[in-house]
Novice: 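If you scroll down you'll find the structure; I have some questions about it.
Lettering of chains follows the sequences in order, A, B, ..., and the numbering in each one begins at 1.
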Number of protein chains: 2
Amino acid sequence: MTGAKDFLYPEKWLSKASSGDRVAYELRMRIISGMIESGAILSENKLAADFEVSRSPIREALKILASENLIRLERMGAVVIGLKEKEIEEIYDVRLMIESFVFERLVRMDTRELAIELSKILEMMKVAIKYQDADEFSYQDVLFHETIIRYVDHSYILMIWNNLKPVMESFILLSMRMRFEEKYEDFTRIINNHELYIDAIRTKDRNLMIKSLHQNFDDVQGKVEDLWSSQQMLSKGAEQQDD
Amino acid sequence: MTGAKDFLYPEKWLSKASSGDRVAYELRMRIISGMIESGAILSENKLAADFEVSRSPIREALKILASENLIRLERMGAVVIGLKEKEIEEIYDVRLMIESFVFERLVRMDTRELAIELSKILEMMKVAIKYQDADEFSYQDVLFHETIIRYVDHSYILMIWNNLKPVMESFILLSMRMRFEEKYEDFTRIINNHELYIDAIRTKDRNLMIKSLHQNFDDVQGKVEDLWSSQQMLSKGAEQQDD
DNA sequence: TCAAGTATACTTGTATACAAGTATTATAAT
DNA sequence: ATTATAATACTTGTATACAAGTATACTTGA
């Protein structure tokens, strides 16, 4: 099995994860990166052999990926669905939906504390850019949105987020790794946009928030076409794996 | 273990379900009905003994319930969260959110076919009322909303629904069982409201749709207070288990 | 009586074993 | 050559076994 030991998912993020979770994280990356193509059929036994674990954690992982709509569990093997443009758009639909919902709650709350917290995360993102740490940047980016969502304390919205987060995280990770190599100028725009978002939260400006959300979508999705074509982005995002 | 063999979930709905799914369905009912109180700690071994299966399906079930926010998996035992008023409100928040989203898609589609399909389901509901079949009524009620959601063909919205559905189904099941005994007059109102919903879809009337959605919420949630108090509804909903 | 340490009875996570079912392939008959 | 049947190599779902870790209770010492 050549290259079976090169993991796409940052290993330091897996410090206390179970074997099943590790497999899920890694498989997710491979599916989203296109390394495992959509339509492929995954066998529990083969995966167990590949990852050198028993079927128990593999089954766990497959259940997780199925709940994230990345694979479809059938009577004979798991069929890879993957992330095509349609799915990415749909994910952003949902993100727009839940963040809009969250914003409606935020406008009735004291958001000063949140704004401070978000500013801190934004600083972290800037540092990550400075040191060209794509993984750290992605982590903070995801954390940014999670922080907003958690702030309203809504367990079922959080449930949705929890289902969406791993896929988003993997996608962002791959996307950012590529852009650090090829589209470095993107990041000033991303940072600006996040600043806009914080302003929207601080001033409770609904339109500004929607604007920045849409812009964020364009930032990631609008550019996807050229990134995505023939899955180049993915091999690009996949090959780099620093410290 | 007295009464361990009385299942709350309709067994005929479990014809080809795996053992793990069965356990999940049943545990879900017991948690939502209050038969298992929130705060209780579930042990895999005890559950395995109770349900007379091995730990494998139990673990599977617990993972499912955790993803539905009904329990919290901790290092030592699974802690029951349950459905209190807050959670029920939150579930309806999410339902309102996704059905609103779906409606926005529907207004750009040809909804005639859907309206017909919904009318059929409504007829089924009427029959279920006539024959006082609470379980069948609940099934059709859930199907009604699922049919609407599936019609727009959005895999990530469907993903949310799939996470929400089992909890909603159980809740509706328990609620309807009780009402067939005590609040029979509720059903004409529920039927009327669903007719309103179909009209909204047919005429693509956004306001009408929101109105009927809110009304539906009031129908289930607004009355919850008295149903819910001291979990009486639940034992009521639990005891009846026909044919 | 109280503190410290040890023993015990839990817990989860993973590996392995087995049963039942399904697709595929090979063989045999027409 | 083609179809029917049988053998084989898969598949999943479940049970069981074991290892490592954690809380509880108990014992021992002061």
Side-chain angles (χ1 to χ4, degrees), chain A residues 1 4-5 7 9 11 13-28 31 36 38-81 162 166, chain B residues 1 4-5 7 9 11 13-28 31 36 38-81 162 166:
Chain A
M1 287 288 116
K5 281 151 209 155
F7 290 111
Y9 195 81
E11 292 186 57
W13 295 0
L14 295 172
S15 55
K16 44 177 272 177
S18 74
S19 183
D21 284 337
R22 278 165 206 273
V23 172
Y25 276 111
E26 185 55 25
L27 268 183
R28 191 183 294 117
I31 291 172
I36 299 175
S38 66
I41 290 176
L42 304 177
S43 143
E44 291 184 2
N45 287 319
K46 284 207 190 79
L47 289 174
D50 277 11
F51 283 95
E52 294 175 305
V53 294
S54 79
R55 268 182 58 220
S56 308
I58 298 289
R59 299 197 96 225
E60 201 184 308
L62 292 182
K63 286 265 163 62
I64 293 170
L65 298 181
S67 85
E68 290 166 4
N69 211 36
L70 289 175
I71 65 176
R72 195 175 50 239
L73 261 31
E74 298 195 342
R75 49 226 84 218
M76 201 121 286
V79 181
V80 175
I81 297 173
N162 285 336
Chain B
M1 285 293 117
K5 281 151 211 153
F7 290 112
Y9 195 82
E11 292 185 56
W13 295 0
L14 294 173
S15 53
K16 46 177 271 180
S18 72
S19 184
D21 284 337
R22 277 166 206 272
V23 172
Y25 278 110
E26 185 55 26
L27 269 182
R28 190 183 294 116
I31 290 172
I36 299 176
S38 64
I41 290 175
L42 304 177
S43 142
E44 292 185 2
N45 286 319
K46 284 209 190 77
L47 289 174
D50 277 12
F51 283 94
E52 295 176 306
V53 293
S54 79
R55 267 181 59 220
S56 308
I58 298 290
R59 301 198 94 224
E60 202 184 307
L62 292 182
K63 286 263 162 62
I64 294 171
L65 298 181
S67 84
E68 291 168 3
N69 211 33
L70 289 174
I71 64 176
R72 196 174 50 238
L73 260 33
E74 299 193 344
R75 49 226 83 217
M76 201 121 287
V79 182
V80 174
I81 297 173
N162 284 337

Novice: Pick the closest DNA chain C nucleotide for Met76(B) and for Asp21(A) by heavy atoms, then say which residue is nearer the 5' end.
Specialist: Met76(B)
Novice: Tell me the interatomic distance from Ile41(B), atom CD1, to dC10(C), atom P, rounded to whole angstroms.
Specialist: 15 Å
Novice: If only side-chain N and O atoms of Ser54(A) are considered, is one of them under 4.0 Å from the OP1 or OP2 phosphate oxygen of dT14(C)?
Specialist: no
Novice: Please report the distance, rounded to the nearest Å, between CD in Glu60(A) and P in dT12(C).
Specialist: 13 Å
Novice: Using every non-hydrogen atom in the two residues, find where Ala24(A) and Ile64(A) come nearest and quote the distance to one decimal.
Specialist: CB-CD1, 4.1 Å
Novice: From Leu62(B) CG over to Ser67(B) OG, what is the distance, rounded to the nearest 0.5 angstrom?
Specialist: 11.0 Å
Novice: What integer distance in Å separates Glu74(B):CD from dG13(C):P?
Specialist: 12 Å
Novice: Could you check how far CD1 of Ile58(B) sits from C1' of dT12(C), rounded to whole Å?
Specialist: 14 Å
Novice: Tell me the interatomic distance from Glu52(B), atom CD, to dG13(D), atom P, rounded to whole angstroms.
Specialist: 22 Å
Novice: For dG13(C), does the base pair up with any side-chain atom of Arg55(B) as donor and acceptor (N or O, under 3.5 Å, distance only)?
Specialist: yes
Novice: Identify whether any heavy atom of Ser56(B) sits under 4.0 Å from a base atom; if not, whether one sits that close to sugar-phosphate; answer base, sugar-phosphate or nothing.
Specialist: base
Novice: Taking 4.0 Å as the cut-off, does a side-chain nitrogen or oxygen of Asn45(B) come that near to OP1 or OP2 on dT11(C)?
Specialist: yes
Novice: Go through Leu65(A) and Leu42(A) one step at a time and tell me if the side-chain contact (heavy atoms from CB on, under 4.5 Å) criterion holds.
Specialist: CA-CA 12 Å; Leu65(A) 298 181; Leu42(A) 304 177; 5.6 Å; no
Novice: Between Lys46(B) and Arg75(A), which is nearer to the 5' end of DNA chain C once each is assigned its nearest nucleotide?
Specialist: Lys46(B)
Novice: Taking only side-chain N and O atoms of Ser43(A), does any of them lie within less than 4.0 angstrom of OP1 or OP2 on dC10(D)?
Specialist: no
Novice: When rounded to the nearest 0.5 angstrom, what is the spacing between CZ in Arg28(A) and CG in Asp21(A)?
Specialist: 8.5 Å
Novice: Which nucleotide, dT16(D), dT11(C), dT12(C), lies nearest any side-chain atom of Glu44(B)?
Specialist: dT12(C)
Novice: If you check the Ser18(A) side chain, which of dT11(C), dT14(C), dG13(D) turns out closest?
Specialist: dT14(C)
Novice: NZ of Lys63(A) versus P of dG13(C): gap in Å, rounded?
Specialist: 15 Å
Novice: Just call it for Arg59(B): base, sugar-phosphate, or nothing, with non-hydrogen atoms closer than 4.0 Å on any strand.
Specialist: base
Novice: Starting from C1' on dG13(D), measure out to CZ on Arg22(B) and report it in whole angstrom.
Specialist: 12 Å
Novice: Would you mind reading off the distance between Leu73(B) atom CG and dT11(C) atom C1', rounded to a whole angstrom?
Specialist: 12 Å
Novice: To the nearest 0.5 Å, how far apart are CD in Glu68(B) and CD1 in Ile81(B)?
Specialist: 11.5 Å
